[in-house]
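Read the structure below first, then the notes.
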Amino acid sequence: MRKEKKKSTFAWVMEFAGQKRSKYVLSVILAIFGSVCQMLPFIVVANIIQKLLMGNRDLQGYLFQCLLLAGIWLLRELFHGASTACSHVATFAVLGNIRKQGMLKLERMPLGAVQNFGSGNLKNILVERIDSIETTLAHMIPEMTGNLCTVLATVVYLFVIDWRMAIVSLITFPIGMICFMCMMIGYEENYGRTVRATKNLNDTAVEYIGGIEVIKVFGKSKSSYEKFVAAAKEGAASYVDWMRKSNIYFVFSMNIMPATLLTVLPVGGILVRNGSLAVADFILVTILAMGLITPIIGCMVFSDDIAKMNTVIGEVTSILDAKEMERPEQSQNLTSDYTVQLKNVSFGYEEKEVLNKVNVTFKQGKVNALVGPSGSGKSTIAKLIASFWDVKDGKVCIGGKDIRQMSVHQYYGLVAYVSQENFLFDDTIRENIRMGNLSATDEEVEKAAKDCGCWDFIMNLENGFDTVVGSGGGHLSGGEKQRICIARAMLKDAPIVILDEATAYTDPENEGIIQASVAKLVKGKTLIVIAHRLSTIMDADQIVVVNKGRIEASGTHEALMENCDLYNDLWKAHICAKDHLNGGGQNG
């Protein structure tokens with residue numbers, strides 16, 4: 001298969017700008033008009049000085065030229081303002097589109113690829129990195145174009161006046177550029193260090209804040225804070241060290257380059273004295289030379305952004321260019337049979353194989369349980385069915401149809417997934433439950449809460465269903481969060497329901513309520529349950545025993561007790577632990 005050629009940085013910039021091409025073209029045209037207006041005052045001023053030297057006393061003429069200067073200045077500001085406004089309107093729309101592209105891309109990427117980025121890194125890319133493109137799109141495209149046009153027009157005009165003076169007026173430019181190039185030595189290495197330091201600081205801050213409870217409980221605040229301080233110091237040092245290396249070259253460059261009069265005045269004076277240069281031309285050249293370097297420096301201002309662009313675009317496009325799961329835009333021949341099958345499925349996380357040629361069927365309308373030792377691959381099977389990853393070998397089928405033939409959105413509509421690690425949005429309980437079905441009425445939301453044993457604890461809260469749960473559901477206990485997530489899954493009313501240790505944090509009383517509600521929920525649906533407490537799945541229609549990435553056995557509880565040694569061992573361990581807990585409770 002022919003490998004797809006990777007887009008260059010310039011190609012990505014052009015693709016981004018192309019989303020609002022007409023506005024950027026208008027912005028560049030306005031910037032060019034502004035550049036013309038930036039050059040014209042030098043010519044008018046030179047004409048005024050020439051007339052004064054010739055003894056012209058036409059005050060009315062001078063007044064007209066002064067008014068002309070004011071008009072040109074006003075036009076310059078209007079063109080510049082209009083150009084900048086156009087480019088910014090276009091750019092903010094483009095940045096919004098890029099962020100939307102990034103968020104939609106995350107949805108189409110395998111879960112493992114998303115997790116590998118890290119939440120701090122993703123936040124950095126989707127916020128800071130995308131923001132940093134603003135300078136390129138909003139300023140560099142129109143302003144650099146305008147400044148370059150001004151420089152080229154001025155240089156051409158200088159050569160038209162006198163080629164010798166044109167060369168002389170440009171002598172300081174290459175000297176200043178040499179200093180500037182020295183400043184850029186090691187740029188990629190230095191900028192790479194700042195990027196790595198910023199990433200590390202973001203990740204460390206997220207880790208520190210997210211783990212503050214564990215840090216306090218285990219008395220690790222000093223070591224954890226020291227790690228954060230070290231990351232912060234490295235972040236600061238990466239910039240300070242870089243600036244310290246560059247400052248001296250920057251100072252020389254910014255002082256030598258504009259010093260055009262150091263060469264123009266003595267050389268021009270000699271040529272005037274020799275009679276080979278007219279006084280009027282000398283004056284015009286001097287004024288134009290003074291204005292020549294300003295737009296050059298205006299272009300150089302963007303050199304830092306140009307040098308960063310490869311890294312910046314690389315960060316942003318690391319998401320936009322990431323491999324997606326194999327899914328069509330639209331599903332064809334949607335199935336009405338929701339029996340789930342894994343056929344010769346092999347899968348691993350990076351280099352570690354977790355599943356090896358798994359073949360198993362979960363029938364519609366049945367309760368199917370997955371059991372096995374920790375790390376055996378139970379949750380991986382559930383997540384492959386939930387389409388968090390694509391299988392490496394084999395296929396996952398719904399009603400005999402490979403799920404890779406279904407679109408992401410349509411497939412996710414078929415599956416309700418509840419895990420141990422559930423997430424709630426920083427919104428009300430009502431809206432968190434309603435996430436399962438955005439068109440659900442308040443009555444339907446409240447019914448789902450009642451069915452999952454949520455009603456009592458919700459009504460005991462100060463604002464009931466309108467209580468805000470906090471970031472990640474931090475204002476609620478683990479069991480309360482879990483019940484709300486189950487209610488959300490019930491409200492979704494999906495034909496395939498996956499419960500991955502979904503009652504792990506639930507007390508025995510509410511666990512019974514949830515199991516009863518789940519029993520109602522799954523009539524006619526495909527239910528797949530992962531459980532460590534085997535007593536909760538004794539009545540399952542099918543229990544699948546997973547061991548070391550393979551299917552050890554499957555059948556009812558009674559059949560497995562007779563025919564599967566591993567299930568026997570798991571059952572005995574469960575009963576022993578249960579008896580120990582009950583005994584401990586009685587003794588307590």
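Values reported hereafter were calculated over all heavy atoms of this structure, with side chains retained and with hydrogens, waters and symmetry mates removed. Throughout, numbering of the chain's residues begins at 1 and tracks the sequence.
Sequence neighbours left out, the pairs with a member in residues 384-399 that pass salt bridge (Lys or Arg N to Asp or Glu O under 4.0 Å) are R327-D390. Residue pairs meeting the salt bridge (Lys or Arg N to Asp or Glu O under 4.0 Å) criterion with at least one partner in residues 93-103, sequence neighbours excluded, are R99-D131. Applying the salt bridge (Lys or Arg N to Asp or Glu O under 4.0 Å) rule to pairs touching residues 544-554 yields nothing, sequence neighbours excluded. Sorted by first and then second residue, the salt bridge (Lys or Arg N to Asp or Glu O under 4.0 Å) pairs involving residues 108-120 (not counting sequence neighbours) are R108-E324.
In this structure, the side chain of S87 engages the main chain of A138 through a donor-acceptor pair within 3.5 Å. Side-chain atoms of K481 never come within 3.5 Å of backbone atoms of L424 as a donor-acceptor pair (strictly under, hydrogens ignored). Using modelled atom types, no side-chain atom of N200 and backbone atom of R196 make a donor-acceptor pair closer than 3.5 Å. Judged by distance alone, the side chain of T204 and the main-chain N or O of L201 form no donor-acceptor pair under 3.5 Å. For the pair K378 (side chain) and G372 (backbone), a donor-acceptor distance under 3.5 Å is present. N190 contributes a side-chain N or O that, together with a main-chain N or O of G186, makes up a donor-acceptor pair within less than 3.5 Å.
Looking only at side-chain heavy atoms (C-beta outward), N368 and D541 stay at 4.5 Å or farther from each other. In this structure, T380 and W389 have side chains that are not in contact, with every pair of non-hydrogen atoms separated by 4.5 Å or more. The shortest side-chain heavy-atom distance between T84 and P142 does not fall under the 4.5 Å cut-off. Taking 4.5 Å as the limit, every side-chain heavy atom of F16 sits out of range of all side-chain heavy atoms of L95. Side-chain contact between V316 and S132 is absent, with no heavy-atom pair separated by less than 4.5 Å. When side chains are defined from C-beta on, V391 counts as touching R404, because their heavy atoms get closer than 4.5 Å. Side-chain contact between D427 and V468: absent, with no pair of heavy atoms (C-beta onward) separated by less than 4.5 Å.
How far CG of L104 is from CG of L320: 10.5 Å, rounded to the nearest 0.5 Å. Atom CD of Q410 sits about 8.5 Å away from atom CG of L414, to the nearest 0.5 Å. Within the model, atoms OG of S83 and CG of L26 stand 8.0 Å from one another, a figure rounded to the nearest 0.5 Å. One distance of note links CD1 of I185 with NZ of K245; it measures 11.5 Å at 0.5 Å rounding. Between atom NZ of residue K366 and atom CD of residue Q542 there is a gap of 10.5 Å, rounded to the nearest 0.5 Å. Atoms CG and CD1, on N97 and I130 in that order, are 10.5 Å from each other to the nearest 0.5 Å.
Applying the ring pair (Phe, Tyr, Trp, His ring centres under 6.0 Å) criterion to H88, with sequence neighbours excluded, gives F92, H139. Remark: D241 pairs with R193, A237, R244 by the side chain to side chain contact (heavy atoms under 4.5 Å, CB included) rule, at least two apart or across chains. Looking at residues two or more places apart in sequence or on another chain, you find a side chain to side chain contact (heavy atoms under 4.5 Å, CB included) between T198 and N124, N202, Y239. In terms of the side chain to side chain donor-acceptor pair (under 3.5 Å) criterion, R21 has no residue partners (sequence neighbours excluded). Under the side chain to side chain donor-acceptor pair (under 3.5 Å) criterion, Y338 pairs with no residue at all, not counting sequence neighbours. With sequence neighbours excluded, the residues satisfying side chain to side chain contact (heavy atoms under 4.5 Å, CB included) with A386 are F388, V415, Y417, I498. Under the side chain to side chain contact (heavy atoms under 4.5 Å, CB included) criterion, L106 pairs with M103, M109, V114, L122, L126, I319, not counting sequence neighbours.
Contact between L30 and C86 at its shortest, heavy atoms only, is CD1-SG, 4.3 Å. Between L491 and A440, the closest heavy-atom pair is CD2-CB, 3.8 Å. In plain terms, the two heavy atoms of V545 and Y567 that are nearest each other are CG2-CD1, 4.0 Å. Of all non-hydrogen atoms in D337 and Q364, the two that sit nearest each other are OD1-OE1, 3.3 Å. The two atoms that bring P373 and N547 nearest to each other are CG-OD1, 3.9 Å, heavy atoms only. Residues N432 and F425 share a closest heavy-atom pair of OD1-N, 2.7 Å.
A salt bridge between D493 and K525 is present, with a side-chain N of the basic residue lying under 4.0 Å from a carboxylate O of the acidic one.
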Hey, mind stepping through L137 and K20 against side-chain contact (heavy atoms from CB on, under 4.5 Å) and telling me if it holds?
-> CA-CA 10 Å; L137 296 179; K20 294 289 179 180; over 6 Å; no
S318/I125 under side-chain contact (heavy atoms from CB on, under 4.5 Å): CA gap, chis, key distance, verdict = CA-CA 9 Å; S318 65; I125 293 172; 3.9 Å; yes
Check step by step if side-chain contact (heavy atoms from CB on, under 4.5 Å) holds for L355 and L384.
-> CA-CA 11 Å; L355 301 178; L384 288 176; 3.6 Å; yes
Start with the C-alpha gap between V396 and D402, add the side-chain angles, then the distance that decides, and say whether side-chain contact (heavy atoms from CB on, under 4.5 Å) holds.
-> CA-CA 6 Å; V396 178; D402 192 331; 5.7 Å; no
Derivation and outcome, salt bridge (charged side-chain N to carboxylate O under 4.0 Å, His left out), residues R483 and E480 | CA-CA 5 Å; R483 278 180 274 168; E480 289 168 344; 5.2 Å; no
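Surrounding NZ of K492 are more than 12 heavy atoms belonging to other residues, nucleotides or ligands, all under 6.0 Å away. The local environment of NZ in K105 is crowded, with over 12 non-hydrogen atoms from other residues, nucleotides or ligands closer than 6.0 Å.
There is no side-chain donor-acceptor pair under 3.5 Å between T428 and E431.
Exactly one residue among T145, T91, I29 makes a side chain to side chain contact (heavy atoms under 4.5 Å, CB included) with Y24. That residue is T91.
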What side-chain donor-acceptor pairs closer than 3.5 Å can you find for residues 341-348, not counting sequence neighbours?
{"unit_1": "N344", "atom_1": "OD1", "unit_2": "N359", "atom_2": "ND2", "d": "3.1"}
{"unit_1": "S346", "atom_1": "OG", "unit_2": "K357", "atom_2": "N", "d": "3.0"}

